[in-house]
Structures are given as structure tokens and as C-alpha cells.
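Structure first, commentary second.
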2 protein chains.
Amino acid sequence: MAFERAFDVAKKISDSAIHRLSLYVRILEEWEREGRDTTSSEELAERGGTTAAQVRKDLSLFGSFGKRGLGYSVGELADHIRSILGLGRTWRVALVGAGRIGTALLEYRGFRERGFDIVAVYDADPAKVGGCVGERTVRDVAGLEEGIRAEGVEIVVLAVPGEAVQPIVDLVVRAGVRGILNFAPLKPRVPEGVTVRDVNLVMELEALSFALSQDGPDA
Amino acid sequence: MAFERAFDVAKKISDSAIHRLSLYVRILEEWEREGRDTTSSEELAERGGTTAAQVRKDLSLFGSFGKRGLGYSVGELADHIRSILGLGRTWRVALVGAGRIGTALLEYRGFRERGFDIVAVYDADPAKVGGCVGERTVRDVAGLEEGIRAEGVEIVVLAVPGEAVQPIVDLVVRAGVRGILNFAPLKPRVPEGVTVRDVNLVMELEALSFALSQDGPDA
DNA sequence: GGTCGTTTGTGAAATCCTTCACATAACGTA
DNA sequence: TACGTTATGTGAAGGATTTCACAAACGACC
Ligand SMILES: NC(=O)c1ccc[n+]([C@@H]2O[C@H](COP(=O)([O-])OP(=O)(O)OC[C@H]3O[C@@H](n4cnc5c(N)ncnc54)[C@H](O)[C@@H]3O)[C@@H](O)[C@H]2O)c1
Ligand SMILES: NC(=O)c1ccc[n+]([C@@H]2O[C@H](COP(=O)([O-])OP(=O)(O)OC[C@H]3O[C@@H](n4cnc5c(N)ncnc54)[C@H](O)[C@@H]3O)[C@@H](O)[C@H]2O)c1
């Protein structure tokens, strides 16, 4: 069969491999726009800050997309990786929490461009519900479960205060959501089969603090 | 010697270990507020979503902070980890880019609470320069290098468009900054000794997309 | 003081991830 | 068709991180 799907046979793929694939697509798309036809693991590695062997290993987890002696077709490889990452489509996303972070995300074009369409926004604050953020109307979080089902929402972005996280997570999981991006500094509990990714900015700053403390003293 | 500093003898500490330490502090501080005196690796692991062995291993990279048979003193362990991460002080942070993400960050109290004090804000847009965001005045990015030196800025948070990143990074590194938190979807090049941490939200969403594509088909 | 139950700290084993190295496939040339 | 050059795909080696498992340390209790 031409179209390999070796990767859904329950193999374990590391997080860093996925991050690199995500990076490779971005590089390849840039090259597509520049009209480049072919590339090599060497070039991708150079541009992506890794090694050629790593690039080939990452790809080999999912199939073989190149031609020996020639390299890869930029367009085809991009297609393959997009298909691996599930990016050949639009994902329906709901945002919960139209606060500072929430509105920043809403007005960012990069998400829709990359296939993540924020189809609905929810908040609990009566002062915000009914109002507009950008071109979208903020809905009452009371209708969240119903809304998720009605709109076929697949991913929820959570930008609410920490204490509100767990109840909302329970609710959206009940409504069938299996992917959550969480900005609160607190890891919610979810059942098997649901993926949560946390964006914890304070942790990132603390990692910087550690790095600076390590080699700072001698400066 | 009572105060061990075994960790600055050039040992390699993994990123994930640092993230977990950061998590442990947060848990311990919560327990401190609740008035709990002691805890165990078991409890920390349970609460932090890891294993007891992992907790002990993480801590053992830096010293030994517990009492066998008894566990850890909540307060002392928090102190030790804060000291390891360099959190026993305030870090001087500058924000570059007072756009959507930038202003969200500025108005967030969590950073100062955890020792990251945003002492200055810079932007290139003449319409923004001179204006206020929260209680801070936006300064012209032309004065960034000078400002960094004058204010003793140690960490820079970059919330500017991708194409502006590299020049600003070069400039702030020249001014002596060794820690950068970058929101643009593009990894800047920096010399040895400078740490950059990237927050790439699109990559996080793409990782969710992958996870959903993996086990989605059977649903 | 001795014994018991507890929990740490840590070598050793197991697992996961990256790098190495090379057989293999593809193409151009003659 | 044979040969030379190139760059992939992948087992095997090497490193790093996580898990295991247990000796050592501590307090309680008698
Ligand atoms: N702003 C930042 O820079 C920043 C940085 C790091 C982390 N965070 C985290 O991100 C989250 C959001 O931060 P923010 O600064 O945007 O906060 P915010 O207070 O500006 O916004 C939170 C929004 O959530 C809404 N909300 C509260 N409870 C809700 C509920 N049960 N259902 C629906 N909506 C509800 C509020 O009405 C508000 O509009 C917080 O957990 C915060 O800790 C924010
Ligand atoms: N907003 C989001 O939700 C979001 C999500 C993911 C990534 N990002 C990334 O974060 C970065 C900022 O995004 P944003 O949405 O806040 O953009 P924005 O356009 O709202 O803000 C960018 C700000 O940077 C300023 N700026 C431009 N060039 C500058 C320079 N040379 N020096 C100083 N300031 C300069 C602009 O004047 C503007 O105020 C971008 O790289 C974007 O890709 C944003």
C-alpha cells in the first residue's frame, strides 16, 4: 500500500520527537513558499538545530518518505508530516476564560492559519457574557457542555483561574473533549485517553532562574 | 558544612528534573499555607503526578534534605528547593513588545509574587511609546540597551513578531542579559552561556492534534 | 538498650532517547 | 550495463533518565 500508517500500531512516540516534527513542518512550509523542491536530512537538521541522524530517526518512526541518494521532496515531506500530526484538517477549538490571556489568544491569527479554529468563547463573568471579543460573542459558561456537543468542539483551551480548572475539565471531558491546553499553574486530573498540555509560564521563568543561578556566580 | 552546594560542581541536571522541582516548590508552598509541617516523597509524588523514587532522585541531585523514617520538613524543603532554583531573591525582568501577549503578561500578578519583577516595558510602535500599560510607561525600544544596563535587567521576555526577534536578542545579549523567554515561533541564535526558553503555543496545539489523531480513529 | 515500623538516599537495572556507522537504493554517466 | 556518487533508513552502540530494591538512619515503644 502506498499510504503507510505504520504509526498507529501502538508505538510510543516521545514528546520531543513530536515537537521536532512540528518544527520540521514549519521549516518545510517556509521552503515551499520559497519554491524549493527538495531537501536533505542534513539541511533540515542544520536549520532546525538538530542532527541529520535525528531527523531521519524521527521520520523513520512513521515510515520512509525520502529517496536514497536524493533526499526528500519538500512538498511531499510536509504533507506526510502534516498527516502524521493530524494537521490536514481544521480542529474545532473552544476557549474558556475571556480574561487577559484568553483575549490575547483570541485575537491571534496564527492559530486559525495553522488549522486551529476557535469556534466559541465562554466566560463566567456576567459583565463579559454577551459582549464581543474581536468578532466573537462571549457565551455563558453555563452552556458550555451543550455548546461543545452542538459545535463539535474537539479541543478546549483553558484560560481561567486555577480554582476553576478542575470543574471545567470534568465537564468538558464529560462532553467528549479529549484534548486540553491549560494555562493555569495547576495540573488537572483527567481520565485515561484525555490529553492535557500545560503552559506554565512561571515554570519557564523558574527554569531561567535556575540556569542563571548556575553559571551566574562566576560572572 | 551544613549548607551543601554539591550542585554547582558542574553536574548535568535535566530539564525535566528542573520542571519537577519547580512543581514541588509550588506544592510545598500550598502545604505551608495550610500549616502542614512534614511530608514524604510518597505524598509529594502523589500530588505531583510522579513517583516517590523520582522525587527522591531529583532531590538527591542537590543534597539530602530529609530524615530517614520521618520524611521532609515542608518549610525546610521548600527553602532548599527555592535556593536550588535561585528563587530566594527578586529577578529584574524587562518586557519587549507591549502587544496582546505582552500586556496580558504585564497585568499578571503571579510573576511578581514569584519573584519576577517586570521593571520596564519596551515597544517600537510610536503610538504605544509613552503610553501606559497598567502602572508602567512604555519606553522606546531605541533605549533598550541603555535601559537594560541602567536598570540591571537580568531576564528579558520577548513578545514581538518573529522577524524582530533576532536583532533584539543580539542587542540584549550585548547588554549583558543571559536569560530570555521567547514567545515568537522561531528559535533565536544565541552565544554559549545564554539561555533561551521558547513558549510555542502552536506547537502545543499540534502536539494535542497528534495525540487526538492517534487514538481518535477508534472513537 | 533492643526491637520494630517507617522512609530516606542511592547503587544497579531497566527503559527511553540520541548518535553512530554502514548496507542499501537511487541516479547520472558512459 | 557497470561504476561512482550521494543520502536514506536502520540495527547497534552509547548516553541519559527513570524505576527498582535495599541498606542505613531515625523515632517510638517497651
Ligand atoms: N495573564 C498572564 O500573563 C498569565 C501568566 C501565567 C499564567 N496565567 C494563568 O492563566 C489563567 C488566566 O489568567 P488571566 O491573566 O487571563 O486571568 P484573568 O483573571 O484575566 O481571566 C480569567 C477569566 O476567566 C473567567 N472565569 C473565572 N472563572 C470562570 C469559570 N468558572 N468559567 C469560565 N470562566 C471563568 C473570568 O471571568 C476571567 O474573564 C490563570 O490561571 C493564570 O494563573 C496567566
Ligand atoms: N497573541 C497570541 O496569542 C500569540 C500566540 C502564540 C504566539 N504568539 C507570538 O507572540 C509574539 C507576540 O504576539 P502578539 O499577539 O502579542 O503580537 P502583537 O502584534 O499584538 O504585539 C507585538 C508588539 O511588538 C511590538 N514590536 C514590533 N516590533 C518591535 C521591535 N522591533 N521592538 C519592540 N517592539 C516591537 C509591536 O509594536 C507590538 O506592540 C509574536 O511573535 C506571536 O507570533 C502570540
Side-chain angles (χ1 to χ4, degrees), chain A residues 2 4-7 9-24 28 31 36-74 76-78 80-81 84 207 210, chain B residues 2 4-7 9-24 28 31 36-74 76-78 80-81 84 207 210:
Chain A
E4 286 281 344
R5 302 224 311 175
F7 57 97
V9 293
K11 216 183 310 166
K12 232 184 299 166
I13 308 293
S14 76
D15 219 66
S16 34
I18 296 303
H19 266 85
R20 285 191 300 268
L21 287 174
S22 184
L23 174 62
Y24 303 154
L28 290 166
W31 287 344
R36 290 179 60 167
D37 280 349
T38 63
T39 187
S40 64
S41 55
E42 184 77 35
E43 282 182 322
L44 261 172
E46 151 88 309
R47 181 67 171 65
T50 179
T51 66
Q54 181 73 80
V55 170
R56 294 199 300 275
K57 197 48 124 187
D58 288 339
L59 296 175
S60 80
L61 293 169
F62 300 99
S64 75
F65 310 118
K67 284 214 174 72
R68 296 182 185 209
L70 298 185
Y72 304 89
S73 147
V74 170
E76 277 173 31
L77 185 55
H80 275 118
I81 303 180
I84 291 163
F210 174 73
Chain B
E4 288 280 345
R5 301 225 311 176
F7 56 96
V9 293
K11 214 183 312 165
K12 232 187 297 167
I13 308 291
S14 75
D15 219 65
S16 35
I18 296 304
H19 266 85
R20 284 190 300 267
L21 287 175
S22 183
L23 174 63
Y24 303 154
L28 290 166
W31 287 344
R36 290 179 61 167
D37 281 348
T38 62
T39 187
S40 64
S41 56
E42 183 76 36
E43 281 182 322
L44 261 172
E46 150 88 310
R47 181 68 170 67
T50 178
T51 66
Q54 181 75 81
V55 170
R56 295 200 298 275
K57 198 49 125 187
D58 288 339
L59 296 175
S60 80
L61 294 168
F62 300 99
S64 76
F65 311 118
K67 283 213 174 71
R68 297 182 182 209
L70 299 184
Y72 304 89
S73 147
V74 170
E76 278 173 30
L77 185 55
H80 275 118
I81 302 180
I84 291 164
F210 174 73

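Hydrogens, waters and symmetry mates are skipped; everything else that's a heavy atom, side chains included, is used. Protein chains get the first letters and strands the later ones, always in sequence-line order, with residue 1 at the start of each.
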Step-by-step side-chain contact (heavy atoms from CB on, under 4.5 Å) determination, A:Ile18 to A:Ile84: CA-CA 10 Å; A:Ile18 296 303; A:Ile84 291 163; 5.6 Å; no

Can a side chain N or O of [X] be found less than 4.0 Å away from OP1 or OP2 on [N]?
X: A:Ser14; N: C:dC16; result: no
X: A:Tyr72; N: D:dT6; result: no
X: B:Gln54; N: D:dT19; result: yes
X: A:Lys12; N: C:dC16; result: yes
X: A:Ser64; N: D:dT8; result: no
X: B:Thr51; N: D:dT19; result: yes

Nucleotide [N], atom [atom2] - distance to [atom1] of [X] in whole Å:
X: B:Arg68; N: D:dA25; atom1: CZ; atom2: C1'; result: 6 Å
X: A:Glu43; N: D:dA7; atom1: CD; atom2: C1'; result: 11 Å
X: A:Asp58; N: D:dT8; atom1: CG; atom2: P; result: 13 Å
X: A:Leu61; N: C:dT19; atom1: CG; atom2: P; result: 14 Å
X: A:His80; N: D:dT8; atom1: NE2; atom2: C1'; result: 15 Å
X: A:Asp15; N: D:dA16; atom1: CG; atom2: P; result: 20 Å
X: A:Glu46; N: D:dA7; atom1: CD; atom2: P; result: 14 Å
X: B:Arg20; N: D:dA16; atom1: CZ; atom2: C1'; result: 12 Å

Touch class at under 4.0 angstrom, heavy-atom based, for A:Thr50 against every strand present: nothing

Where the side chain of [X] is defined as all heavy atoms beyond and including C-beta, which of [options] is the nearest nucleotide?
X: A:Ser60; options: C:dT18, D:dG9, D:dT18; value: D:dG9
X: B:Lys57; options: C:dC16, D:dG9, D:dT19; value: D:dT19
X: B:Ser16; options: C:dT18, D:dT17, C:dT10; value: D:dT17
X: B:Ser40; options: C:dC27, D:dG9, C:dT7; value: C:dT7
X: B:Arg56; options: C:dT19, D:dA21, D:dT8; value: D:dA21
X: B:Leu70; options: C:dT18, D:dA21, D:dC26; value: D:dC26

Spacing of [X] atom [atom1] and [Y] atom [atom2] [to the nearest 0.5 Å]:
X: A:Ser41; Y: A:Gln54; atom1: OG; atom2: CD; result: 11.5 Å
X: A:Thr39; Y: A:Leu70; atom1: OG1; atom2: CG; result: 12.5 Å
X: B:Leu59; Y: B:Leu77; atom1: CG; atom2: CG; result: 5.5 Å

Test applied, ring-ring contact (aromatic ring centres under 6.0 Å, His included); reference residue, A:His80; option that passes from A:Phe62, A:Phe65, A:Tyr72: A:Phe65

A:Arg36 with A:Glu43: basic N within carboxylate O range, under 4.0 Å: yes

